[in-house]
Amino acid sequence: MNIQTLLSQLKKARKRRIILSYHARGRAGIDVKNEEWAECLNVLKQLFKEFKAAGCNILISWWGEIYIIPKESNTTFELKLSYQSDLKFGYHFKDELKKSEFKVLSFSTPQPQLCIQIKAYRNRASWYVKSIDLVRGENAGLGMHLFHEMRVRLKRYTTPGLELHLDKITREDLLAVIHYGAALSGRNSTLYNVSRQINSRFYYGEIQLTQQSVRMKGYSAGLDTEIYIRQKDMTFIRKHLPILDFEQSVIRFE
């Protein structure tokens with residue numbers, strides 16, 4: 001897939017990422033200020049060029065997650081661009097305590113910095129974090145720096161990474177769309193009723209989506225709940241999720 005197509009996918013996915021504000025777990029991706037979005041696309045364009053030159057495959061999900069697959073690798077890497085504090089809270093009081101019994105302790109407030117991060121798509125992997133400065137031009141060489149870090153990490157792994165299902169829909173995805181739809185539509189929508197039922201439950205197991213309803217499975221059959229949804233609200237769900245196999249009578253989310 002060419003680089004312009006990848007960037008176009010990110011632009012489309014960015015409009016959907018507002019839904020992730022209602023997501024229990026969230027999804028990695030590009031989360032930056034509006035005024036920095038265009039510059040970040042330029043950074044990503046340069047990164048993608050360098051990844052491609054190194055033989056990597058690049059995939060973009062429905063939610064704008066970025067996956068890098070190094071050539072002949074059995075491990076995929078996630079990439080995200082977001083803000084992190086540049087330092088921990090640092091208390092400067094040791095010298096002051098020596099001078100007086102009572103002092104007001106001062107501390108430094110962390111300032112958010114734009115960071116690019118990569119992590120192997122496998123259990124218990126940690127993020128590699130590198131701050132970037134958008135005013136430094138095209139960040140040439142950053143892609144190769146990250147690619148080198150991937151290779152270093154790949155040498156540590158003795159087993160393959162997790163299998164990537166690019167647009168597999170999770171229960172959290174479905175619930176995020178329902179909560180988002182409820183917030184948009186208000187109390188008169190059937191999505192609001194579903195959202196309220198979900199939030200009022202201490203526990204629910206499997207959630208099922210049918211052609212006309214949402215079912216929430218409880219501890220036992222007597223605690224199951226089924227809420228019928230208007231057609232326009234079902235259309236809303238279909239629009240905001242990746243392609244669902246609605247030929248099935250029931251779609252299950254565990």
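None of the values given here were measured: they were computed from a predicted structure.
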Are any of the side-chain heavy atoms of I118 and E149 separated by less than 4.5 Å? yes

Tell me whether Y121 is reachable from I68 by hopping between hydrophobic residues (I, L, V, M, F, W, Y) whose side-chain heavy atoms are closer than 4.5 Å. no

Less than 4.5 Å apart, side chain to side chain, heavy atoms only: is that true for M216 and Q197? yes

How about NE2 on H148, more than 12 heavy atoms from neighbouring residues, nucleotides or ligands closer than 6.0 Å, or not? no

Here's a test for you: under side-chain contact (heavy atoms from CB on, under 4.5 Å), which of I69, I66, D167 qualifies with L59? I69

Contact summary for S126 and K119, nearest pair of heavy atoms: O-CG, 3.5 Å

Side-chain heavy-atom pair V177, K239 within 4.5 angstrom cut-off: no

Do L175 and Y22 touch side chain to side chain, with heavy atoms closer than 4.5 Å? no

Interatomic distance, CD1@I227 vs CD1@I178, rounded to 0.5 Å, equals 8.5 Å

Roughly how far, to the nearest 0.5 Å, is CZ of F51 from CZ of F147? 9.0 Å

With heavy-atom distances below 4.5 Å as the criterion, would you say the side chains of K71 and C56 are in contact? no

Of the non-hydrogen atoms in I58 and L6, which two are nearest, and what is the gap between them? O-CD2, 3.7 Å

Hydrophobic cluster mates of W127, side-chain heavy atoms under 4.5 angstrom, ILVMFWY only, any path? V129

Would T159 and R122 count as a side chain to side chain contact (heavy atoms under 4.5 Å, CB included) if you check the C-alpha gap in whole Å, the side-chain angles of each, and the deciding distance to 0.1 Å? CA-CA 10 Å; T159 58; R122 55 192 302 127; 3.0 Å; yes

When rounded to the nearest 0.5 angstrom, what distance separates CD in E65 from CD1 in I30? 11.0 Å

Does the side chain to side chain contact (heavy atoms under 4.5 Å, CB included) test come out yes or no for L209 and M234, once each step is laid out? CA-CA 10 Å; L209 183 66; M234 187 60 73; 4.0 Å; yes

Tell me whether the NZ or CZ atom of R17 lies within the 45° cone about the ring axis of W63 and under 6.0 Å from its centre. no

CG of L81 to CG of L44, rounded to nearest 0.5 Å, is 6.0 Å

Let me confirm one number: the NE2-CD1 distance from H145 to I116, rounded to the nearest 0.5 Å. 10.0 Å

Looking only at the side chains, is there a donor atom on one of N199 and R196 sitting less than 3.5 Å from an acceptor on the other? no

Which atoms form the tightest heavy-atom contact between C115 and Q84, and what is the distance? SG-CB, 4.0 Å

Can you give me the closest heavy-atom contact between Q113 and S131, atom names plus distance? OE1-CB, 3.4 Å

Minimum-distance pair of heavy atoms, taken over all atoms of P70 and T75: CD-O, 3.7 Å

Taking a hydrophobic cluster as the set of Ile, Leu, Val, Met, Phe, Trp and Tyr residues connected by side-chain heavy atoms closer than 4.5 Å, whether directly or through intermediates, do Y157 and L162 fall within one such cluster? no

Report yes or no: do R25 and T170 form a side-chain donor-acceptor pair below 3.5 Å? no

If you measure from the Lys or Arg side-chain nitrogens to the Asp or Glu carboxylate oxygens, is any gap between R27 and D173 under 4.0 Å? yes

Can any side-chain N or O of E50 pair as donor or acceptor with the backbone N or O of G141 at less than 3.5 Å? yes

Taking every heavy atom of G64 against every heavy atom of L10, the minimum-distance pair comes out as O-CD2, 3.7 Å

Step by step, work out the side chain to side chain contact (heavy atoms under 4.5 Å, CB included) result for Y192 and L184. CA-CA 9 Å; Y192 181 88; L184 285 181; over 6 Å; no

If you count the non-hydrogen atoms of other residues, nucleotides and ligands that lie under 6.0 Å from OH in Y228, is the total more than 12? no

Do N34 and R14 have side chains that get closer than 4.5 Å, going by heavy atoms? yes

Using a 3.5 Å distance criterion without hydrogens, assess whether the side chain of R230 forms a donor-acceptor pair with backbone atoms of S189. no

Checking N193 against T190: is there a side-chain donor and acceptor pair closer than 3.5 Å? no

Using the rule given for side chain to side chain contact (heavy atoms under 4.5 Å, CB included), can you reason through Q46 versus L142, listing the C-alpha separation, both sets of side-chain angles and the distance that settles it, and then say yes or no? CA-CA 8 Å; Q46 179 65 30; L142 179 58; over 6 Å; no

How does the hydrophobic cluster around V152 look, that is, which other residues are in it when side-chain heavy atoms under 4.5 Å mark a link? none

According to the interplanar angle, ranging from 0 to 90°, do the rings of Y180 and H240 count as parallel (below 30°), tilted (30 to 60°) or perpendicular (above 60°)? perpendicular

Test item: side-chain donor near acceptor, Y83 and E36, under 3.5 Å: yes

To the nearest 0.5 Å, atom OH of Y67 lies from atom CG of L164 at 5.5 Å

Compute both the distance and the angle, then confirm whether R153 meets the cation-pi test with Y128: under 6.0 Å from the six-membered ring centre, within 45 degrees of the axis. no

State whether the side chain of S21 and the backbone N or O of I18 hold a donor-acceptor pair below 3.5 Å, judged by distance alone. yes

N2 atom CG: more than 12 heavy-atom contacts under 6.0 Å: yes

W37 side chain reached by K11 side chain, heavy atoms, under 4.5 Å: yes

Between T210 and S213, do the side chains contain an N or O donor and an N or O acceptor separated by less than 3.5 Å? yes

Inspect the surroundings of CD in Q212 and state if more than 12 heavy atoms from other residues, nucleotides or ligands are less than 6.0 Å away. no

Heavy-atom distance under 4.5 Å between the side chains of T225 and R215, does that happen here? no

N/O donor-acceptor pair under 3.5 Å between S195 side chain and L191 backbone: no

